[in-house]
Amino acid sequence: MNRPHPHLAPAAPIAPTAPMARVGTQFLSAHDAARLVQHQGLPQTLAGLAKAIELDFRRWPDFDKSPRTARHAPEGVIELMPIADEHLYSFKFVNGHPGNTAAGLSTVMAFGVLADMHTGTPLLVSELTLSTALRTAATSAMAARTLARPGSQVMAIIGNGAQSAFQAIAFQHLVGITTVRLFDIDLEATQQLMHRLGGTGLHIRACHSVDEALHGADIVTTLTADKTQATIVQDHQVRPGMHLNAVGGDCPGKTELDAHILRRSRVFVEYEPQTRQEGELQQMEGDFPVTELWRVLTGQAFGRQQAHDITVFDSVGFALEDFSTLRYLHGCASMAGLLRPLDLIAQPDNPKDLMGWMLRAPATHGH
Ligand SMILES: NC(=O)c1ccc[n+]([C@@H]2O[C@H](COP(=O)([O-])OP(=O)(O)OC[C@H]3O[C@@H](n4cnc5c(N)ncnc54)[C@H](O)[C@@H]3O)[C@@H](O)[C@H]2O)c1
């Protein structure tokens with residue numbers, strides 16, 4: 001039997017009335033996550049996620065944090081991203097394989113689990129491929145709201161693959177971007193993104209080079225996928241006052257920005273120990289100064305101080321963003337009736353007689 005959990009579904013009105021020992025596991029499929037976003041609206045979902053993520057960033061000390069663990073292959077990486085507060089635990093499984101699209105697979109694929117810290121019960125198993133794109137865009141926009149110059153309207157997007165449309169819509173609705181200037185080495189990707197953004201009200205310009213895309217840009221989002229220390233944006237292309245949202249450099253040996261840009265910027269990160277290994281920061285000395293974003297959100301550190309500051313959000317993706325996303329999805333999908341029970345955990349009537357349950361299960365399951 002499935003019962004609501006006390007630390008989930010912030011918007012759900014039903015209070016738990018019984019002990020949690022037999023909370024069931026629920027499942028949110030990829031299709032149902034897509035239906036949820038269609039039902040709520042993409043801008044509304046991005047706004048809801050940004051709010052959920054910001055609220056959790058503001059209570060940063062409540063979380064037991066660690067850098068993610070990664071297993072590397074020449075083609076890419078598989079990562080596990082755990083985090084917990086006093087009541088809930090989550091992890092995400094995610095890969096990054098830049099060559100995948102040539103084989104018809106996504107570069108980034110993910111799923112995640114939310115569990116009850118008090119009993120260890122897995123409460124939710126959810127798709128996180130779509131949701132990673134949503135939460136990354138929401139986090140980027142949340143950071144830019146604090147770090148970009150007020151009144152920023154023009155954003156360059158370098159790398160026009162799966163994540164890019166979500167970033168464009170998030171920055172349009174949460175930051176106030178009105179124009180996007182697009183560049184990708186794959187012309188087809190840019191054309192597809194232009195098609196995807198048609199009818200959104202954004203002014204869209206396809207560009208032939210990074211130089212051209214950055215012309216007049218207030219914000220630069222880099223979203224390229226290549227497992228190499230690339231210099232997608234050169235130092236001379238970055239002008240005072242710009243905000244750089246560096247998303248694609250997110251594992252050891254994978255960067256996008258010229259190190260000189262960082263030297264003349266104020267650099268903000270999610271979780272410093274992880275970003276030092278994985279972000280643009282891997283190019284810098286160990287004591288290169290950075291500020292964790294949560295400190296800006298809670299008023300403990302300055303964000304942008306002057307109009308001509310160059311700010312960099314060196315984003316690698318942190319487990320807390322997925323924790324917030326799983327909670328948000330659980331609440332919204334539950335209210336929309338999109339969660340399904342998942343027969344994941346054996347629950348014998350007598351917990352000490354697992355074998356008895358096994359012997360009876362085939363005959364009783366489904367009857
Ligand atoms: N920081 C985070 O939280 C986070 C979250 C999700 C994904 N990512 C990263 O974001 C990147 C983009 O992910 P995606 O799912 O959109 O990948 P994708 O493969 O769908 O798209 C990447 C695009 O980058 C383009 N590209 C590669 N090299 C380029 C170059 N030198 N100049 C211009 N364009 C170039 C490719 O042609 C492709 O269209 C990946 O590196 C991924 O690992 C980061």
Side-chain angles (χ1 to χ4, degrees), residues 49 53 68 70 72 75-79 81 92 94-110 112 128-143 156-168 170 181-194 196 206-214 220-234 237 244-258 268-271 274-275 277-281 293 312-322 324-325:
L49 276 170
I53 294 167
R68 56 189 163 200
H72 294 272
E75 302 84 0
V77 63
I78 292 179
E79 297 162 331
M81 303 170 66
K92 174 164 90 170
V94 63
N95 77 308
H97 286 69
N100 268 8
T101 50
L105 291 172
S106 296
T107 297
V108 176
M109 300 181 280
L128 285 180
T129 304
L130 169 63
S131 303
T132 291
L134 293 165
R135 72 80 152 130
T136 304
T139 305
S140 291
M142 175 189 81
I157 305 182
I158 313 300
N160 301 158
Q163 313 290 319
S164 58
F166 296 92
Q167 291 275 338
R181 300 174 64 84
L182 314 177
F183 174 70
D184 194 299
I185 48 174
D186 174 6
L187 195 58
E188 228 173 87
T190 303
Q191 281 165 353
Q192 191 166 293
L193 178 57
M194 290 181 76
R196 194 56 59 218
C207 300
H208 296 100
S209 64
V210 172
D211 248 342
E212 187 188 344
L214 263 58
V220 180
T221 289
T222 52
L223 279 170
T224 64
D226 198 356
K227 213 181 172 203
T228 181
Q229 294 213 286
T231 308
I232 305 293
V233 181
Q234 314 270 353
Q237 293 168 323
L244 279 74
N245 174 42
V247 178
D250 60 353
C251 87
K254 183 163 172 262
T255 57
E256 293 180 309
L257 302 184
D258 183 338
F268 299 84
V269 300
E270 292 141 314
Y271 178 51
Q274 183 177 317
T275 311
Q277 296 169 19
E278 301 181 350
E280 300 303 324
L281 271 189
L293 188 61
V312 174
F313 179 42
D314 185 1
S315 162
V316 294
F318 181 50
L320 182 52
E321 293 146 31
D322 303 303
S324 314
T325 300

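Order of listing sets the numbers, starting from 1, for every ligand and every atom in it.
- Distance alone, capped at 3.5 Å, places no donor-acceptor pair between the Asp258 side chain and the Thr231 backbone.
- Contacts with ligand 1 closer than 4.0 Å are made by no heavy atom of Glu278, backbone or side chain.
- Close contacts between ligand 1 and Ala189 involve ligand atoms 39 (O) [criterion: under 4.0 Å to a heavy atom].
- Residue-to-ligand polar distances place Thr224 within reach of ligand 1: an N/O pair is separated by less than 3.5 Å.
- Side-chain contact between Val210 and Val220: absent, with no pair of heavy atoms (C-beta onward) separated by less than 4.5 Å.
- Residues Arg181 and Leu214 have side chains not in contact (no heavy-atom distance under 4.5 Å, counting atoms from C-beta outward).
- Counting heavy atoms from C-beta outward, Asp211 and Phe183 have side chains that stay 4.5 Å or more apart.
- For the residue pair Lys92 / Thr132, a side-chain donor-acceptor distance below 3.5 Å is found, with atom types taken as modelled.
- Looking at Asp250 against ligand 1, only its side chain comes within 4.0 Å, counting heavy atoms.
- Those atoms of ligand 1 that come under 4.0 Å of a heavy atom in Thr107, given as number and element, are 17 (O), 18 (P), 19 (O).
- Near Val316, with a cut-off below 4.0 Å to any heavy atom, the atoms of ligand 1 are 1 (N), 2 (C), 3 (O).
- Considering both main-chain and side-chain atoms, Asp184 comes within under 3.5 Å of ligand 1 through a nitrogen or oxygen pair.
- Nearest non-hydrogen protein atom to atom 5 (C) of ligand 1 is Thr136 OG1, 3.2 Å.
- Partner of Leu281 under the side-chain contact (heavy atoms from CB on, under 4.5 Å) criterion, out of Thr275, Val316, Val312: Thr275 alone.
- Among Glu270, Met109, Gln163, the residue whose heavy atom lies closest to atom 14 (P) of ligand 1 is Gln163.
- At a 3.5 angstrom cut-off on N or O pairs, Gly248 counts as close to ligand 1.
- In this structure, Glu321 falls outside the shell of residues with a heavy atom less than 4.0 angstrom from ligand 1.
- When the options Ser164, Cys251, Ser140, Ala162 are ranked by their closest heavy atom to atom 20 (O) of ligand 1, first place goes to Ala162.
- Distance check, rounded to the nearest 0.5 Å: OG1 of Thr107 to CG of Leu223 gives 11.5 Å.
- The protein non-hydrogen atom at the shortest distance from atom 4 (C) of ligand 1 is Val247 CG1, 3.7 Å.
- In this model, no donor atom of one side chain and acceptor atom of the other lie less than 3.5 Å apart for Asn160 and Gln192.
- Under a 4.0 Å heavy-atom criterion, Ala225 is in contact with ligand 1.
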Please list every donor-acceptor pair under 3.5 Å in which a side-chain atom of residues 245-252 meets a protein atom from a residue at least two apart or in another chain.
{"residue": "Asn245", "atom": "OD1", "partner": "Ser140", "partner atom": "OG", "Å": "3.1"}
{"residue": "Asn245", "atom": "ND2", "partner": "Ser140", "partner atom": "OG", "Å": "3.2"}
{"residue": "Asn245", "atom": "ND2", "partner": "Gln167", "partner atom": "OE1", "Å": "3.1"}
{"residue": "Asn245", "atom": "ND2", "partner": "Thr221", "partner atom": "OG1", "Å": "3.1"}
{"residue": "Asp250", "atom": "OD1", "partner": "Lys254", "partner atom": "NZ", "Å": "2.4"}

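- Residue Gly317 has at least one heavy-atom neighbour below 4.0 Å for each of these atoms of ligand 1: 1 (N), 2 (C), 3 (O).
- Close approach of ligand 1 to Lys254 (heavy-atom distance below 4.0 Å) involves ligand atoms 40 (C), 41 (O), 42 (C), 43 (O).
- The ring-ring contact (aromatic ring centres under 6.0 Å, His included) check on Phe313 picks up nothing, with sequence neighbours excluded.
- For ligand 1, the atoms closer than 4.0 angstrom to any heavy atom of Ile232 are 30 (C), 31 (N).
- The protein heavy-atom contact nearest to atom 21 (O) of ligand 1 is Gly161 CA, 3.3 Å.
- When Glu270, Glu321, Glu79 are each tested for a salt bridge (charged side-chain N to carboxylate O under 4.0 Å, His left out) with Arg68, only one passes: Glu79.
- Inter-residue side-chain proximity for Glu256 and Val233 is flagged as unmet; no heavy-atom pair is nearer than 4.5 Å.
- Proximity annotation for atom 34 (N) of ligand 1: of Asp186, Ile185, Leu223, Ile185 comes nearest, heavy atoms only.
- Remark: distances from the non-hydrogen atoms of Ser315 to ligand 1 include one below 4.0 Å.
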